[in-house]
Amino acid sequence: MDKQLLSVAVVGHANTGKTSLIRTLLRDASFGQIADKAGTTRHVEGAEIRVDNNQSMVIYDTPGLEDSINLLSVLDADPAIEYQDGIDRLLAFIKRENEFPELNQELKVLKALLSNDILFYVIDVREPILGKYRDELKILSYAAKPIIPVLNFIEAGQENISAWQTQLARLNLHAFVSFDSVVFRFSDELKIYQKMQTLLAHREQQLDALITQRKQQWQERESAAQQLIATLLVEAAACRFKADNNEKSISLASEQLQSAIRELEKQTLNQLLALYQFKQHDIDQYDLPIQQGQWELDLFSSDNLKEFGVKATSNFVKGAGIGVAVDLVAAGMTLGAAAVAGGVMGVLWGVKQRYYDEIHAKVKGHRYLCADDLTLQVLWMRQLSLLIALQQRGHASVAKMSLADVKIDKIELPKQWSKWLKNARQHPQWLISNKSEQPLLREKKQLLIDQVVNSLIVISHEK
């Protein structure tokens, strides 16, 4: 079976975001070259989106049409081609290409027009409608190829969208799509493929397979991210360190606890970046509080409470012990002085075996340290913030990325939140339960992770 290849030429005026669009569709921030100046793309460059072994779509980036007024005058000036159709005009010009060295870039675009199945005409809607854009669209019409105008940078160009839509309608271009290669929405990407189905009826099944594949990839990526975040919460809650019942030992154990949880979060951060195909150097330059692979605003800083709108309760202790719960509740109770003074053996034998270590430590004058509820709440909130930010970020963005733009302040903690934390704290082995000799631990841990993931799925649907 011959491979079905669908080819797309991305065309338009210089510096309208053609390369940006392709980067976003490819999820590849390294494709092409982007700069805030005209004529950055000087050659035709292509990349493939593979559907399966027999079907794929190739997208070609083209140089900007920098002198459409001159090009159109040349195409229409020759009396010999006055009564020829558009394709003949383009072919006649290509044969005489040596006569017009100043239109070398435009020549590359014209050849791309004739050799591809469909055209994406990228429009920077931040710009007003000028005569050169009308000339470009007339030239594109000569190729007799389906055209999808892509209204780019719609977030920043809201006031011009209506005017552009009216102008496109006057040119019989009604199948436009609104897209933003900086503020990304996956639903907008799907609309591009759906418009292609309308204009390329004979490719409907191939495009339907592409849409199905892109949806599946998006859902798999989101599911993997949710697993990472849920695992981080469970392992951070399960993390604990034993200390003698004195200030020096507790301080040392506290530092060890904080370091361990920071490392867990750092690993999750890097995995999320890789999952959404962003690299560390892509993020460091943005206004995201991350440096060298970890959050610049420390997890155990009280500033996080204000940053994420987390309200401190009466149990919250400010100062050196911030973020650390010194007393670990075992079997739903805390052993106080009275319990230690008498009836200890009855308590030891009255609870399940898995609480023995905690209770025995209290009797011997030891403490177990774990992350407090507020710290875990901050941990949870900023993973959600990062996930939403990554899902809404186009791979062409050069603007600063800020979590302040992510609106999650109305998201409440899941109803089972306290129950999850208690469950995880009772299973410190979960932090190292990846070993093959502990299948039961892995099963119980995964069950809790799945419960956390289900709450993340609800949140993602509410965004």
Side-chain angles (χ1 to χ4, degrees), residues 4-26 31-32 41 43-49 56-68 71-72 75 85-91 93-94 103 105-125 127 129 132-153 164-165 167-179 181 188-204 206-207 210:
Q4 289 184 289
L5 187 67
L6 174 61
S7 60
V8 180
V10 181
V11 300
H13 195 72
N15 211 33
T16 56
K18 300 184 296 296
T19 305
S20 298
L21 170 66
I22 297 175
R23 281 187 175 187
T24 302
L25 295 179
L26 295 176
F31 177 86
T41 300
H43 305 282
V44 176
E45 183 178 358
E48 182 180 21
I49 297 178
S56 64
M57 181 174 76
V58 178
I59 307 179
Y60 291 98
D61 193 10
T62 65
L65 289 165
E66 299 178 9
D67 195 0
S68 57
L71 176 60
L72 184 60
L75 291 173
D85 63 21
I87 293 179
D88 291 331
R89 291 175 184 238
L90 297 180
L91 293 174
F93 173 77
I94 292 173
L103 294 174
Q105 293 300 106
E106 281 72 17
L107 177 69
K108 296 174 183 176
V109 178
L110 297 185
K111 290 180 177 180
L113 298 184
L114 296 173
S115 61
N116 287 278
D117 298 308
I118 191 169
L119 312 176
F120 290 171
Y121 178 67
V122 182
I123 299 169
D124 184 349
V125 296
E127 295 289 325
I129 302 173
K132 60 184 178 182
Y133 298 126
R134 298 187 183 94
D135 291 343
E136 287 171 3
L137 285 166
K138 185 175 181 180
I139 293 168
L140 297 183
S141 70
Y142 285 175
K145 295 292 178 71
I147 302 174
I148 298 179
V150 180
L151 305 184
N152 197 16
F153 304 116
W164 271 108
Q165 291 175 348
Q167 182 61 43
L168 290 171
R170 290 176 179 175
L171 297 170
N172 292 318
L173 293 171
H174 301 279
F176 62 86
V177 294
S178 296
F179 190 82
S181 54
D188 290 340
E189 178 183 339
L190 294 181
K191 289 176 184 176
I192 292 179
Y193 306 135
Q194 291 163 354
K195 287 293 191 298
M196 292 175 68
Q197 282 184 305
T198 301
L199 296 176
L200 298 172
H202 63 293
R203 299 281 194 148
E204 183 177 1
Q206 184 178 357
L207 286 164
L210 174 63

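Side-chain contact between Arg134 and Ile129 is present, with at least one heavy-atom pair separated by less than 4.5 Å. Inter-residue side-chain proximity for Thr62 and Leu113 is flagged as unmet; no heavy-atom pair is nearer than 4.5 Å. Here the side chains of Asp135 and Leu71 are not in contact, with every heavy-atom distance at 4.5 Å or above. Side-chain contact between Ile123 and Thr16 is absent, with no heavy-atom pair separated by less than 4.5 Å. In this structure, Val8 and Ile148 have side chains that are not in contact, with every pair of non-hydrogen atoms separated by 4.5 Å or more. In this structure the side chain of Val109 reaches within 4.5 angstrom of the side chain of Pro63, judged on heavy atoms. In this structure, the side chains of Leu21 and Ile59 stay at 4.5 Å or more apart for every pair of heavy atoms. Leu103 has its side chain within reach of Phe93: a pair of non-hydrogen atoms, C-beta onward, lies under 4.5 Å apart.
Shortest non-hydrogen contact noted between Ala112 and Ala9 is O-CB, 4.0 Å. Closest approach of Ser56 to Glu48, counting heavy atoms only: OG-OE2, 2.7 Å. When all heavy atoms are compared, the tightest approach of Ala175 to Pro149 is O-CD, 4.2 Å. When all heavy atoms of Glu106 and Leu65 are compared, the pair lying nearest together is OE2-C, 3.7 Å. Pairing each heavy atom of Ser115 with each of Ser7, the nearest pair is O-OG, 3.9 Å.
The backbone N or O of Gln105 sits nowhere less than 3.5 Å from a side-chain atom of Glu66 that would complete a donor-acceptor pair.
Qualifying side chain to side chain donor-acceptor pair (under 3.5 Å) partners for Asp124, counting only residues two or more places apart in sequence or in other chains: Arg126. With sequence neighbours left out, Ala144 forms a side chain to side chain contact (heavy atoms under 4.5 Å, CB included) with Ile87. Shown here are the salt bridge (Lys or Arg N to Asp or Glu O under 4.0 Å) partners of Asp117, two or more places apart in sequence or in another chain: Arg203. Under the side chain to side chain donor-acceptor pair (under 3.5 Å) criterion, Lys132 pairs with His13, not counting sequence neighbours.
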- Task: Evaluate side-chain contact (heavy atoms from CB on, under 4.5 Å) for Leu26 paired with Ile49, printing each intermediate quantity in order.
- Result: CA-CA 7 Å; Leu26 295 176; Ile49 297 178; 3.6 Å; yes

- With side-chain contact (heavy atoms from CB on, under 4.5 Å) as the test, would you mind laying out the steps for Leu110 and Ile139 before giving the verdict? CA-CA 9 Å; Leu110 297 185; Ile139 293 168; 3.8 Å; yes

- Under the side-chain hydrogen bond (donor to acceptor under 3.5 Å, both in side chains) rule, what do Gln167 and Tyr133 come out as? Steps first, then yes or no, please. CA-CA 10 Å; Gln167 182 61 43; Tyr133 298 126; over 6 Å; no

- Message: As a quick check of understanding, evaluate side-chain contact (heavy atoms from CB on, under 4.5 Å) for Thr24 and Phe179, giving each step before the final call.
- Response: CA-CA 10 Å; Thr24 302; Phe179 190 82; 3.8 Å; yes

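The CG atom of Leu75 sits 12.0 Å away from the CG atom of Asp88 when rounded to the nearest 0.5 Å. Interatomic distance, CG of Asp61 versus CD1 of Ile22, reported as 4.0 Å (0.5 Å rounding). Note: Asn172 CG to Leu137 CG = 11.5 Å, rounded to the nearest 0.5 Å. Here the CG atom belonging to Leu210 is positioned 6.0 Å from the CG atom belonging to Leu207, to the nearest 0.5 angstrom.
Aromatic ring centres of Phe176 and Trp164 lie farther apart than the 6.0 Å criterion allows.
Within the structure, every pair that satisfies the side chain to side chain donor-acceptor pair (under 3.5 Å) test and touches residues 138-153, not counting sequence neighbours, is listed here: Asp76-Tyr142, Asn152-Ser181.
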Which atom pairs, one a donor and one an acceptor, fall under 3.5 Å between side chains of residues 189-202 and the rest of the protein, sequence neighbours left out?
unit_1 : atom_1 : unit_2 : atom_2 : d
Glu189 : OE1    : Arg27  : NH1    : 2.9
Glu189 : OE1    : Arg27  : NH2    : 2.8
Glu189 : OE2    : Tyr193 : OH     : 2.7
Glu189 : OE2    : Arg214 : NE     : 3.0
Glu189 : OE2    : Arg214 : NH2    : 3.1
Gln197 : NE2    : Glu204 : O      : 3.2
Thr198 : OG1    : Gln194 : O      : 3.4

